[in-house]
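The structure appears below as structure tokens.
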Amino acid sequence: MSAEDPPPAAHRTTEDRSDAGEDAAALAYPNIALVKYWGKRDERLVLPWTSSLSMTLDTFPTTTRVRLTPRHRQDTVTLNGKPLDGEPLRRVVAFLDLVRETSGRPARAVVESHNTVPTGAGLASSASGFAALATAACAAYGLHLDARALSRLARRGSGSAARSVFGAFAVWHAARTGHQDPDLDSFAEPVPVRLDVLDPALVIAVVDPRPKPVSSREAMQHTVNTSPLFRAWMASSRADLVEMRAALHGCDLDAVGEIAERNALGMHAVMLAARPAVRYLSPASLTVLDAVLELRRDGVSAWATMDAGPNVKVLCHRAEAGRVAGVVRAAVTADSVHVAGPGPGARLLGDSS
Ligand code: 2P0
């Protein structure tokens with residue numbers, strides 16, 4: 001954060017807000033889960049069956065501006081200059097309705113969002129999108145939330161957005177079983193990691209930038225409803241989280257990578273077992289997985305993770321990211337290959353009026 005930047009939304013007080021409501025802009029980065037979220041136990045409240053853990057990136061930010069327009073009868077939402085419609089618009093309006101209900105301000109809004117990540121290609125555009133929207137909308141509607149409450153709000157837009165409220169490593173807690181108010185109990189928080197020792201990078205191989213044919217929202221619910229492996233997935237993912245926290249605490253990149261790779265493959269296995277199967281991986285994804293295996297045989301710490309799309313992210317040391325990117329480029333016709341490090345949490349941008 002530079003000296004000119006305003007402090008994050010959560011740390012601003014009423015007195016130091018230069019944009020005292022009505023018009024605010026925010027920036028947020030995507031995150032990649034190393035222990036995945038796949039399945040909700042409550043679709044309305046966006047409560048996951050299992051906790052998840054991710055790294056927020058320093059690439060592909062989303063910038064979102066929210067302006068209140070009390071004279072308008074509808075919200076207007078654009079993404080990269082194009083008006084949203086259908087389900088994506090419905091989700092943003094439902095999110096704004098929640099902000100209106102919480103803030104007690106009924107005004108409609110104009111939302112302008114700019115994504116630098118390919119939208120809907122399993123590169124976490126909804127995480128950065130809803131984290132930026134939550135941060136900007138809170139400021140525009142005059143809602144003063146701390147970071148935990150902001151992550152709970154962002155969760156209602158898109159589960160993974162709860163984690164993008166925070167920088168570097170974050171865990172998103174599933175509400176504890178039997179908790180009297182699970183909505184209050186499901187939030188993200190930072191996981192302290194000595195980044196200089198762990199020295200993590202993710203090499204992102206975009207093998208196909210097109211939007212996925214099935215949304216993750218739809219695919220995960222279909223998995224919950226039909227996959228006979230779902231219970232086994234929950235048990236193994238819960239165990240993975242415990243081991244992942246220990247591996248991060250110990251700054252052991254090989255252990256972190258091993259757990260992340262098996263967790264991602266387990267998530268794809270549980271969806272492949274759904275009826276009918278959900279298959280996001282393509283032949284190009286498997287080619288990158290082979291290249292990663294080859295890198296490990298050559299003594300390079302490289303581990304793969306894949307989300308709701310065919311693109312592969314390879315966890316490695318930053319010092320070796322150039323070599324890893326070169327091997328991936330040589331193995332597959334990738335649309336592009338990027339190197340990302342740990343990035344910052346969501347934050348308000350300076351006065352946007
Ligand atoms: C994750 N994914 O943990 C997992 C791994 C995709 C694969 O979170 O329905 O867009 O909006 O809560 O957050 C993508 O799902 O789904 C996701 P909703 P979201 O990153």
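Both counts, for ligands and for their atoms, begin at 1 and track the order of listing.
Each side-chain hydrogen bond (donor to acceptor under 3.5 Å, both in side chains) pair with one or both residues in residues 268-283, not counting sequence neighbours, appears once here: Ser282-Ser285.
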Using a 3.5 Å cut-off on N/O to N/O, what pairs does ligand 1 make with the protein? A line per pair would be great.
residue	atom	partner	partner atom	Å
ligand 1	3 (O)	Tyr37	N	2.9
ligand 1	3 (O)	Arg163	NH1	3.1
ligand 1	3 (O)	Arg163	NH2	3.2
ligand 1	9 (O)	Lys40	NZ	2.6
ligand 1	9 (O)	Arg217	NE	2.7
ligand 1	9 (O)	Arg217	NH2	3.4
ligand 1	10 (O)	Ser126	OG	2.8
ligand 1	10 (O)	Ser158	OG	3.1
ligand 1	11 (O)	Arg91	NH2	2.8
ligand 1	11 (O)	Ser158	OG	2.7
ligand 1	11 (O)	Arg217	NH2	3.0
ligand 1	12 (O)	Tyr37	OH	2.6
ligand 1	12 (O)	Gly159	N	2.7
ligand 1	13 (O)	Ser158	OG	3.2
ligand 1	13 (O)	Ser160	N	3.0
ligand 1	13 (O)	Ser160	OG	2.7
ligand 1	15 (O)	Ser216	OG	3.4
ligand 1	20 (O)	Arg163	NH2	2.8

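Two different hydrophobic clusters hold Leu53 and Leu47 under the rule that ILVMFWY side chains link at heavy-atom gaps under 4.5 Å.
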Taking only distance into account, with no hydrogens and no angle test, what donor-acceptor pairs under 3.5 Å do side-chain atoms of residues 190-202 form with protein atoms, sequence neighbours excluded?
residue	atom	partner	partner atom	Å
Asp199	OD2	Arg318	N	3.4

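Annotation: His179, atom NE2; neighbour count of heavy atoms from other residues, nucleotides and ligands within 6.0 Å is above 12.
Of the possible polar contacts, none joining the Ser158 side chain to the Ala161 backbone as a donor-acceptor pair under 3.5 Å is found.
Qualifying salt bridge (Lys or Arg N to Asp or Glu O under 4.0 Å) partners for Arg100, counting only residues two or more places apart in sequence or in other chains: Asp75, Asp97.
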